[in-house]
Amino acid sequence: MREYIKVSLASDPKVVAGKIAHCSRSNRPPTVLAIGHGCLNQAIKSVAIARRFCMQPQTSSDVAFDLSCQPAFRDNGQPTARENPTAIPKPSLALYLAKRAPYTFKSASERMEMPVAGTTEPAVVAGALAARVRENVDVYLSAIGVDAVGNAMRAICYARMYLEDNGLDIKAMPEFMHLSKDGVPMSGLLFNIIVENAM
């Protein structure tokens, strides 16, 4: 039976990550639920931290593994999104996590970056992402800031819908990224994209 973890603005990402890793080691990974960009930001940070935890075995009998994430709209979000992607002021998403073997990605310089900003329209990014996936281009999304992260997650949801007719699906494997802008250190999230055949 799948376990559900609800993430709020007050949730500590490290605590949530610990729960995700514990559940994933002992059973199947949980589904993470979040409403609104602030909560989505906390949720995806938790997944990024949990990925690191799962790669570090706790006992001699543990096996290192990685986690992938498939975001999907909950409730009536998906139909509304198809008609008007801007009509969901506080998107409700479910992050379906799955175990997978440790995965080594190409360096960022060898892949196409798709930056997502807080003002970016998720449906536009989704269309571009789906096009790159169809062209077999190795791509990743980058986002700095709460709204940017929320828009990136929504874009992945839409892209999954756009790719249905092609028999393709995508998963995200988030990690933290660190950079400097005008000499000021900044951190954000990088969404590695994995392409698979739709189930």
Side-chain angles (χ1 to χ4, degrees), residues 1-7 11-34 39-72 93-116 126 129-130 132-133 136-144 148-150 152-157 159-160 163 168-179 187-199:
M1 181 176 180
R2 184 178 288 272
E3 183 175 336
Y4 294 87
I5 297 177
K6 294 182 179 180
V7 177
S11 297
D12 183 333
K14 288 186 178 179
V15 173
V16 176
K19 292 178 180 178
I20 292 172
H22 175 75
C23 184
S24 299
R25 288 191 186 101
S26 59
N27 198 356
R28 63 188 300 188
T31 294
V32 180
L33 308 177
C39 299
L40 283 172
N41 185 57
Q42 297 296 84
I44 206 64
K45 285 194 292 186
S46 301
V47 175
I49 296 169
R51 287 187 62 213
R52 293 203 303 248
F53 288 170
C54 292
M55 292 292 288
Q56 302 168 351
Q58 301 298 297
T59 68
S60 58
S61 61
D62 283 345
V63 176
F65 60 90
D66 208 339
L67 291 173
S68 63
C69 169
Q70 276 188 309
L93 269 63
L95 311 183
Y96 296 97
L97 307 183
K99 289 183 183 181
R100 65 177 302 131
Y103 195 96
T104 301
F105 294 93
K106 294 179 182 177
S107 66
S109 62
E110 298 178 276
R111 296 182 287 161
M112 177 183 287
E113 179 183 11
M114 296 184 67
V116 180
L129 174 57
R132 300 295 83 76
V133 168
N136 200 31
V137 175
D138 204 347
V139 64
Y140 67 93
L141 306 184
S142 60
I144 300 174
V149 170
M153 295 299 294
R154 291 169 63 190
I156 294 170
C157 289
R160 294 186 63 207
L163 291 166
L168 298 173
D169 203 350
I170 55 176
K171 293 182 178 180
M173 299 179 72
E175 63 181 82
F176 292 100
M177 63 178 187
H178 304 282
L179 64 160
S187 61
L189 283 160
L190 184 154
F191 297 84
N192 299 293
I193 301 297
I194 299 290
V195 183
E196 297 180 342
N197 290 326
M199 299 295 291

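Side-chain atoms are counted along with the backbone in the values below, which use heavy atoms only and exclude waters and symmetry mates.
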**Study point:** Worked check of side chain to side chain donor-acceptor pair (under 3.5 Å) between S11 and Q42
**Key:** CA-CA 7 Å; S11 297; Q42 297 296 84; over 6 Å; no
Check your understanding: Are the side chains of S68 and L97 in touch, meaning some heavy atoms are under 4.5 Å apart?
Key -> no
Check your understanding: Just wondering, do Y96 and P71 contact through their side chains at under 4.5 Å, heavy atoms?
Key -> no
Exercise for review: Flag the pair I49 / V16 as yes when at least one side-chain heavy-atom distance between them is below 4.5 Å, and no otherwise.
Suggested key: no
Revision key, fill the gap. The complete set of salt bridge (Lys or Arg N to Asp or Glu O under 4.0 Å) pairs with one or both residues in residues 97-112, sequence neighbours excluded, reads R100-E196
**Study point:** Candidate pair T31 and L95, rule side-chain contact (heavy atoms from CB on, under 4.5 Å), full reasoning
**Key:** CA-CA 6 Å; T31 294; L95 311 183; 5.8 Å; no
Point to revise | Interatomic spacing from CG in L93 to CG in L33 - rounded to 0.5 Å | key: 9.5 Å
Check your understanding: Within a strict 4.5 Å, meaning less than it, do heavy atoms of the I156 and I193 side chains meet?
Key -> yes
Review point. Which word best sums up how the rings of F176 and H178 line up, parallel for under 30°, tilted for 30 to 60°, or perpendicular for over 60°?
Key: parallel
Revision key, fill the gap. Only residue of M173, M153, M177 satisfying side-chain contact (heavy atoms from CB on, under 4.5 Å) with F191 is M153
Point to revise | Heavy-atom side-chain proximity of K19 to P30 below 4.5 angstrom | key: no
Review point. Less than 4.5 Å apart, any side-chain heavy atom of I44 and any of C69?
Key: yes
Review point. Is there a side-chain contact between I194 and I170, using heavy atoms and a 4.5 Å cut-off?
Key: no
Check your understanding: SG/C23 to CD1/I5 distance, rounded to the nearest 0.5 angstrom?
Key -> 6.0 Å
Exercise for review: Please report the closest heavy-atom contact between A98 and K171, naming both atoms and the distance.
Suggested key: CB-NZ, 4.1 Å
Revision key, fill the gap. Taking every heavy atom of P115 against every heavy atom of S142, the minimum-distance pair comes out as CA-OG, 3.4 Å
Point to revise | Minimum-distance pair of heavy atoms, taken over all atoms of G18 and F53 | key: N-CE1, 3.8 Å
Practice item. Kindly compute the distance separating CE (M114) from OH (Y140), expressed to the nearest 0.5 Å. Key: 11.5 Å
Study note, to complete from the structure: To the nearest 0.5 Å, atom CG of L129 lies from atom CZ of R160 at 12.0 Å
Check your understanding: Of the non-hydrogen atoms in A155 and A126, which two are nearest, and what is the gap between them?
Key -> O-CB, 3.2 Å
Review point. Distance-only, no hydrogens or angles: does the R132 side chain make a donor-acceptor pair with backbone N or O of V139 under 3.5 Å?
Key: no
Review point. Which is it for V32 and S46 under the side-chain contact (heavy atoms from CB on, under 4.5 Å) test, yes or no, and what are the steps along the way?
Key: CA-CA 9 Å; V32 180; S46 301; over 6 Å; no
Review point. With side chains defined as the heavy atoms from C-beta onward, is the minimum distance between L67 and P29 less than 4.5 Å?
Key: yes
Review point. Rounded to the nearest 0.5 Å, how far does CD of E3 lie from OG of S26?
Key: 8.0 Å
